[in-house]
Amino acid sequence: EYTFMLLRYNPQSPETVRNFVSRMHPVGVIYFEEEIDSGILQYLQSCGLRTVMCGGVALDHQSDRVHVNDIAAAYEGTNYLLDLGHREILFLSDDEQKIGAGFQRITGSRKAMEERGLEFPESLVLRGGVTFEAGYQAMATALREKKQFTAAFAFSDELAVGVMAALYDAGLRVPEDISVLGYDDLTIATRIRPALTTIHVPKQYMGEAAAQKLIDLLHTPGQPPTKTEVSTMLVKRGTV
């Protein structure tokens with residue numbers, strides 16, 4: 001009985017959200033951007049709309065939430081690399097802002113290393129985008145600067161594939177010379193060769209859970225906000 005519509009959110013033009021709401025009169029909102037402008041959230045809630053956050057940990061606690069534990073996932077991934085003997089690990093992250101996914105994953109990786117008495121290598125953390133291009137450029141820069149590492153933990157699969165391409169173009173083999181660990185388990189992870197070892201995030205389940213949570217809220221109004229934490233899983237393939 002509901003229709004789902006997808007609206008791209010541009011932080012530079014938040015008025016598009018207000019225009020959409022005033023024209024389309026939605027009954028509820030699921031948002032996938034954890035750093036969405038607080039003014040937009042206040043506007044949505046002032047319109048009487050229930051909101052569900054689907055993604056990482058969010059600062060907005062007035063919304064219902066479906067999210068992964070990024071700290072635990074990165075902790076598991078880093079421990080996996082450490083268990084295999086890697087001590088010099090290159091981390092490729094998005095910008096660390098507030099308590100977003102990048103911050104959470106760096107926190108989990110730092111925890112894994114410090115528990116073993118290892119210093120977290122700030123000089124081996126490269127921050128930027130999470131695209132193929134960002135991964136390629138970051139790895140090319142790391143190689144050019146002669147950074148010392150035996151493994152790369154990329155906080156998105158697209159980043160990881162870009163890393164692998166840069167390594168290939170530099171004449172280095174994965175995993176014989178450099179191990180690569182991704183994050184997300186997108187379809188591309190099984191289509192490249194070697195297939196990507198990565199952290200599986202159950203995105204379809206999260207989307208379904210967020211939609212179901214919103215529908216339940218519409219049928220039983222007045223319920224306090226709740227959160228659902230979704231487990232991730234390390235998927236071992238051929239790049240580590």
Side-chain angles (χ1 to χ4, degrees), residues 56 68-97 99-186 188-189 192-201 232-240:
V68 298
N69 188 332
D70 281 300
I71 291 179
Y75 176 83
E76 180 184 16
T78 304
N79 268 322
Y80 174 59
L81 294 174
L82 293 172
D83 286 343
L84 294 176
H86 295 287
R87 292 297 179 267
E88 295 171 314
I89 303 170
L90 187 73
F91 295 93
L92 295 95
S93 173
D94 59 353
D95 292 330
E96 286 185 69
Q97 296 178 349
I99 61 166
F103 175 82
Q104 298 277 314
R105 294 171 193 179
I106 289 293
T107 299
S109 296
R110 178 181 285 110
K111 181 178 181 227
M113 297 193 73
E114 290 178 348
E115 281 185 355
R116 301 193 186 209
L118 301 170
E119 183 177 351
F120 185 75
E122 295 291 347
S123 64
L124 292 181
V125 179
L126 305 181
R127 297 177 175 87
V130 291
T131 62
F132 172 93
E133 292 77 13
Y136 189 99
Q137 292 170 9
M139 178 53 70
T141 299
L143 294 173
R144 186 170 60 250
E145 295 177 352
K146 300 189 184 305
K147 292 184 181 291
Q148 298 299 308
F149 56 93
T150 62
F153 188 178
F155 290 164
S156 85
D157 285 349
E158 281 201 51
L159 261 176
V161 175
V163 163
M164 292 171 64
L167 289 170
Y168 178 86
D169 286 349
L172 295 168
R173 300 166 300 166
V174 176
E176 291 86 354
D177 298 316
I178 302 291
S179 290
V180 177
L181 176 62
Y183 198 111
D184 284 329
D185 199 16
L186 302 180
I188 193 173
I192 59 171
R193 293 295 178 269
L196 182 65
T197 298
T198 188
I199 305 291
H200 174 77
V201 178
T232 57
M233 179 177 64
L234 177 68
V235 181
K236 301 175 185 179
R237 295 193 179 104
T239 57
V240 174

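All values derive from a computational prediction rather than experimental measurement. In this chain, numbering begins with 1 at the start of the sequence shown.
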For [Y], does its backbone N or O pair with a side-chain atom of [X] as donor and acceptor, under 3.5 Å?
| X | Y | result |
| --- | --- | --- |
| T198 | G182 | yes |
| E88 | H86 | no |
| T239 | S179 | no |
| R173 | Y168 | no |
| S109 | T78 | no |
| D157 | D185 | yes |

What heavy-atom pair brings [X] and [Y] nearest, and what distance separates the two atoms?
| X | Y | answer |
| --- | --- | --- |
| R87 | L118 | CD-CD1, 3.5 Å |
| S123 | K147 | O-NZ, 3.1 Å |
| A142 | L90 | CB-CD2, 4.1 Å |
| F132 | A165 | CZ-CB, 3.7 Å |

I need the [X] [atom1] to [Y] [atom2] distance, nearest 0.5 Å.
| X | Y | atom1 | atom2 | value |
| --- | --- | --- | --- | --- |
| Q137 | L159 | CD | CG | 10.5 Å |
| I199 | F153 | CD1 | CZ | 5.0 Å |
| Q104 | I71 | CD | CD1 | 4.0 Å |
| L167 | I178 | CG | CD1 | 6.0 Å |

Residue pair [X] / [Y], side-chain heavy-atom distance below 4.5 Å:
| X | Y | value |
| --- | --- | --- |
| F91 | P121 | yes |
| E122 | R110 | yes |
| L124 | I89 | no |

Legend entry - Within 6.0 angstrom of I188 CD1, more than 12 heavy atoms from elsewhere: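 Incorrect, the count does not exceed 12.
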Inset, instruction - Walk me through it: do V161 and I192 pass the test side-chain contact (heavy atoms from CB on, under 4.5 Å)? - result: CA-CA 8 Å; V161 175; I192 59 171; 3.9 Å; yes
Legend entry - Aromatic plane relationship, Y183 with F155 - under 30° parallel, 30 to 60° tilted, over 60° perpendicular: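 Geometry flag for Y183 against F155: perpendicular rings.
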